[in-house]
Amino acid sequence: MTAPAKRQKTLQKILFALVILLIFLSIGLAALHKTPWKVPTEDKLRKNPLAASDANFNAAKPVYNEYCANCHGDAGKGDGSDAMMYDPAPSNLTEPKHMNSLTDGEIYYQITQGRKPMPSFRKKLTDDQRWQLVILVRSFASPTTPPPALIKTPEPPARK
Ligand code: HEC
């Protein structure tokens with residue numbers, strides 16, 4: 001082999017190694033880096049049209065168990081039976097700092113749009129089901145209402 005041909009071969013090898021390195025680097029970065037969701041302001045500001053009532057909360061439960069728990073886990077910790085298969089991993093919906101920074105509209109948007117590997121639920125669930133899920137998802141990270149024993153019932157006004 002002539003000297004220039006040899007040099008070209010070496011150069012090709014280096015380039016090939018660089019390309020491989022770049023591919024691995026970007027895969028690695030994508031796995032490590034959970035980028036924030038970009039939610040349009042209009043969607044962010046949207047209010048939940050449904051009341052955070054027991055009825056809406058209870059309606060969301062079977063829907064969550066069927067469509068979400070396999071990834072996010074029964075209690076929203078991101079530890080569902082399929083969670084290991086996904087990259088990025090399903091979010092921990094009990095993480096208060098992050099979850100409480102989201103508006104209802106943002107959570108609704110996330111459920112509606114999805115983001116790989118999370119599917120979109122725009123067509124699989126009705127608007128009401130998705131808003132009900134927002135109420136349920138909120139409950140994972142928010143301290144629940146204190147147990148009844150701790151709620152002080154106001155003393156009936158003293159009669160004279
Ligand atoms: C296939 C697994 C999978 C299913 C099913 C799934 N999710 Fe997710 N979910 C994910 C993953 C993965 C992310 C993180 C996506 C990202 O950050 O790019 C996520 C993110 C979210 C977020 C955003 C939280 C944050 O980090 O800001 C919410 C809210 C959410 N999911 C709710 C739900 C609800 C409610 C359902 C059921 C209707 C559901 N998900 C079904 C995998 C799933």
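Note that ligands are numbered from 1 as they come in the structure, with each ligand's atoms numbered from 1 the same way. Here the structure is a predicted model, which means the values were calculated and not measured.
Atom 18 (O) of ligand 1 has Arg115 NE, 2.7 Å as its closest protein atom, hydrogens excluded (heavy atom only). For atom 27 (O) of ligand 1, the nearest non-hydrogen atom of the protein is His98 NE2, 2.7 Å. Of all protein heavy atoms, the one lying nearest to atom 12 (C) of ligand 1 is Pro88 O, 3.2 Å. Of the protein's heavy atoms, Phe121 CE1, 3.5 Å lies nearest to atom 41 (C) of ligand 1.
Within a 6.0 Å sphere centred on CD of Gln12, heavy atoms belonging to other residues, nucleotides or ligands number more than 12.
In plain terms, the two heavy atoms of Ala141 and Pro96 that are nearest each other are O-CB, 3.8 Å.
With sequence neighbours excluded, no residue forms a ring pair (Phe, Tyr, Trp, His ring centres under 6.0 Å) with Tyr109. The side-chain contact (heavy atoms from CB on, under 4.5 Å) check on Asn48 picks up Leu50, Asp104, Trp131, Val134, Ile135, with sequence neighbours excluded.
Heavy atoms of Tyr64 found under 4.0 angstrom from ligand 1: none, in either backbone or side chain. If you look at Asn70 next to ligand 1, the close heavy atoms, those under 4.0 Å, all belong to the side chain. Here Leu136 has no heavy atoms under 4.0 Å from ligand 1, in either its backbone or its side chain.
Residues Pro4 and Arg7 form no side-chain contact, since every pair of their non-hydrogen atoms from C-beta on lies 4.5 Å or further apart.
For ligand 1, the atoms lying closer than 4.0 Å to a non-hydrogen atom of Pro117 are 1 (C), 12 (C). Within the listing of ligand 1, atoms 38 (C) sit less than 4.0 angstrom from a heavy atom of Leu133. Within the listing of ligand 1, atoms 27 (O) sit less than 4.0 angstrom from a heavy atom of Leu102.
Residue pairs meeting the salt bridge (Lys or Arg N to Asp or Glu O under 4.0 Å) criterion with at least one partner in residues 113-130, sequence neighbours excluded, are Asp127-Arg130.
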Original post:
Can Val39 and Gln113 be said to form a side-chain contact (heavy atoms from CB on, under 4.5 Å), step by step?
Top reply: CA-CA 10 Å; Val39 180; Gln113 301 290 332; over 6 Å; no

**OP:** Step by step, work out the side-chain contact (heavy atoms from CB on, under 4.5 Å) result for Gln110 and Ile107.
**Re:** CA-CA 5 Å; Gln110 291 171 321; Ile107 298 175; 4.1 Å; yes

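Listed for the His72 side chain is no donor-acceptor partner under 3.5 Å among the backbone atoms of Gly80. At least one donor-acceptor pair closer than 3.5 Å links the side chain of Ser120 to the backbone N or O of Thr112.
The shell of residues lying under 4.0 angstrom from ligand 1, judged by heavy atoms, excludes Arg130. Ligand 1 lies nowhere less than 4.0 angstrom from a heavy atom belonging to Ala83.
Here the CD atom belonging to Glu106 is positioned 9.5 Å from the CE atom belonging to Met99, to the nearest 0.5 angstrom.
In terms of polar-atom proximity, Tyr67 is not counted as a contact of ligand 1, lacking any N or O under 3.5 Å from an N or O of the ligand.
Clustering ILVMFWY residues whenever any of their side-chain heavy atoms sit less than 4.5 angstrom apart, transitively, puts Ile23 in a cluster other than the one holding Leu15.
Residue-and-atom listing of protein N/O/S atoms under 2.8 Å from atom 8 (Fe) of ligand 1, sorted by chain and number: His72 NE2, Met118 SD.
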